[in-house]
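Because the structure is a prediction, the values reported are computed rather than measured.
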Amino acid sequence: MGIRFILMVNKQGQTRLAQYYEWLTLEERRALEGEIVRKCLARTEQQCSFVEHRNYKIVYRRYASLFFLVGVDNEENELAILEFIHLLVETMDRHFGNVCELDIMFHLEKAHFMLEEMVMNGCIVETSKSNILNPIQLMEKTS
């Protein structure tokens, strides 16, 4: 399957966006997010951006005040996922103009829509920034 979940978390460990591609109960999600966030936020910048947790491989990257965490299968290529995170941030930067935590909070539906354009059922299906943003721009024009 590839990607199991995508989280965007601030420096205080508060989840700002969560997208799951496998079914977990709310309690399981809350526990998993807490464990992963504590583990990733405790790491220094000198440590690598890959962590193994339970049966997941967590690939994460920090941009300004946001941490982007992606949980993948153990067979997934970590560098490809780091590149995906960078693409996601660049796409959001293009739309919001230097994306920050407040952009995610106040435009959560647009952030989810971008993710849905890029990832389907845990597989990356779109990598073109213009193809990802065109539907959002069309929706904004009509409203």
Side-chain angles (χ1 to χ4, degrees), residues 1-140:
M1 182 200 245
I3 297 174
R4 299 297 182 162
F5 57 85
I6 299 170
L7 303 173
M8 291 182 201
V9 179
N10 67 10
K11 287 191 280 190
Q12 289 77 36
Q14 299 167 317
T15 303
R16 294 302 179 200
L17 180 143
Q19 181 75 41
Y20 287 84
Y21 299 100
E22 67 178 358
W23 189 86
L24 294 171
T25 66
L26 197 56
E27 292 81 24
E28 290 172 326
R29 288 181 182 193
R30 198 173 295 130
L32 180 68
E33 286 177 24
E35 294 166 5
I36 291 171
V37 167
R38 275 191 300 278
K39 191 179 266 191
C40 291
L41 268 61
R43 295 172 62 88
T44 65
E45 288 188 23
Q46 287 76 31
Q47 292 176 299
C48 75
S49 296
F50 318 131
V51 177
E52 290 190 7
H53 183 75
R54 295 188 191 174
N55 57 337
Y56 302 109
K57 194 183 305 180
I58 312 301
V59 181
Y60 70 95
R61 190 144 184 203
R62 179 181 171 195
Y63 286 92
S65 65
L66 281 174
F67 283 85
F68 292 77
L69 299 94
V70 179
V72 296
D73 295 331
N74 285 319
E75 301 84 38
E76 196 69 36
N77 183 337
E78 299 96 344
L79 296 177
I81 298 301
L82 272 176
E83 193 64 31
F84 165 74
I85 293 171
H86 188 69
L87 172 69
L88 176 61
V89 172
E90 283 184 334
T91 305
M92 290 182 167
D93 275 347
R94 185 182 285 185
H95 182 72
F96 296 118
N98 203 7
V99 68
C100 67
E101 183 180 352
L102 291 175
D103 291 323
I104 303 298
M105 290 172 60
F106 292 127
H107 305 285
L108 188 61
E109 70 286 344
K110 288 181 185 175
H112 272 288
F113 192 84
M114 286 180 208
L115 269 179
E116 289 168 4
E117 287 290 312
M118 297 173 81
V119 181
M120 186 177 295
N121 199 27
C123 297
I124 298 169
V125 294
E126 185 61 72
T127 58
S128 167
K129 292 176 208 137
S130 58
N131 287 350
I132 295 163
L133 293 174
N134 277 342
I136 295 172
Q137 292 164 347
L138 285 173
M139 285 190 304
E140 287 176 345

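A donor-acceptor contact shorter than 3.5 Å is absent between the side chain of Arg43 and the backbone of Ser49. Put simply, the side chain of Asn10 gets close to the backbone of Gln12: a donor and an acceptor are under 3.5 Å apart. Between the Glu35 side chain and the Leu32 main chain, no donor and acceptor come within less than 3.5 Å of each other. A donor-acceptor pair is defined here as one N or O able to donate and one able to accept, closer than 3.5 Å; such a pair exists between the side chain of Arg62 and the backbone of Ala64. Using modelled atom types, one side-chain atom of Asp73 and one backbone atom of Gly2 make a donor-acceptor pair closer than 3.5 Å. In this structure a side-chain-to-backbone donor-acceptor pair under 3.5 Å is present from Lys57 to Glu76.
Rounded to the nearest 0.5 Å, atoms CD1 (Ile136) and CE (Met114) are 4.0 Å apart. Atoms CZ and CZ, on Arg4 and Arg54 in that order, are 13.5 Å from each other to the nearest 0.5 Å. Between atom CD of residue Glu22 and atom CZ of residue Arg29 there is a gap of 9.0 Å, rounded to the nearest 0.5 Å. The distance from atom NZ of Lys129 to atom CD of Glu90, rounded to the nearest 0.5 Å, is 4.0 Å. We find the CG-CG distance between Asp103 and Asn98 to be 8.5 Å, quoted to the nearest 0.5 Å. In this structure, CG on Asn77 lies 9.0 Å from CG on Leu82, to the nearest 0.5 angstrom.
In this structure the side chain of Leu66 never reaches within 4.5 angstrom of the side chain of Val89, judged on heavy atoms. Side-chain contact between Met118 and Leu87 is present, with heavy atoms from C-beta onward closer than 4.5 Å. Side-chain atoms of Tyr20 and Leu7, non-hydrogen and from C-beta on, do get closer than 4.5 Å to each other. Contact annotation: the side chain of Tyr63 never approaches that of Met92 to less than 4.5 Å [non-hydrogen atoms, C-beta and beyond]. Side-chain contact between Leu26 and Arg30 is present, with heavy atoms from C-beta onward closer than 4.5 Å.
Nearest heavy atoms, Ile85 versus Val59: CD1-O, 3.7 Å. Scanning all heavy atoms of the two residues, the minimum distance from His112 to Ala18 falls at CE1-O, 3.4 Å. Heavy-atom minimum distance, Lys39 versus Glu52: NZ-O, 3.4 Å. The two residues Leu17 and Ile104 have their closest heavy-atom pair at CB-CG2, 4.2 Å. Annotation for Val51 and Cys40: closest pair CG2-SG, 4.5 Å, computed over non-hydrogen atoms. Across all their heavy atoms, Ser130 and Arg94 have their closest contact at N-NH1, 3.9 Å.
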(request) May I have the step-by-step check of side-chain contact (heavy atoms from CB on, under 4.5 Å) for Tyr60 and Val9, ending in yes or no? (result) CA-CA 10 Å; Tyr60 70 95; Val9 179; over 6 Å; no
(request) Please step through side-chain contact (heavy atoms from CB on, under 4.5 Å) for the pair Met139 and Lys110, ending with a clear verdict. (result) CA-CA 10 Å; Met139 285 190 304; Lys110 288 181 185 175; over 6 Å; no
(request) Evaluate the criterion side-chain contact (heavy atoms from CB on, under 4.5 Å) for residue pair Val99 and Met8; output intermediate values, then yes/no. (result) CA-CA 12 Å; Val99 68; Met8 291 182 201; over 6 Å; no
(request) Apply side-chain contact (heavy atoms from CB on, under 4.5 Å) to the pair Phe84 and Ile6, showing each step before the final yes or no. (result) CA-CA 11 Å; Phe84 165 74; Ile6 299 170; 3.9 Å; yes
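Evaluated for a ring pair (Phe, Tyr, Trp, His ring centres under 6.0 Å) with Phe5, the options Tyr56, Tyr21, Phe68 yield exactly one hit, Tyr56.
Around the CE atom of Met120, the shell of radius 6.0 Å holds no more than 12 heavy atoms that belong to other residues, nucleotides or ligands.
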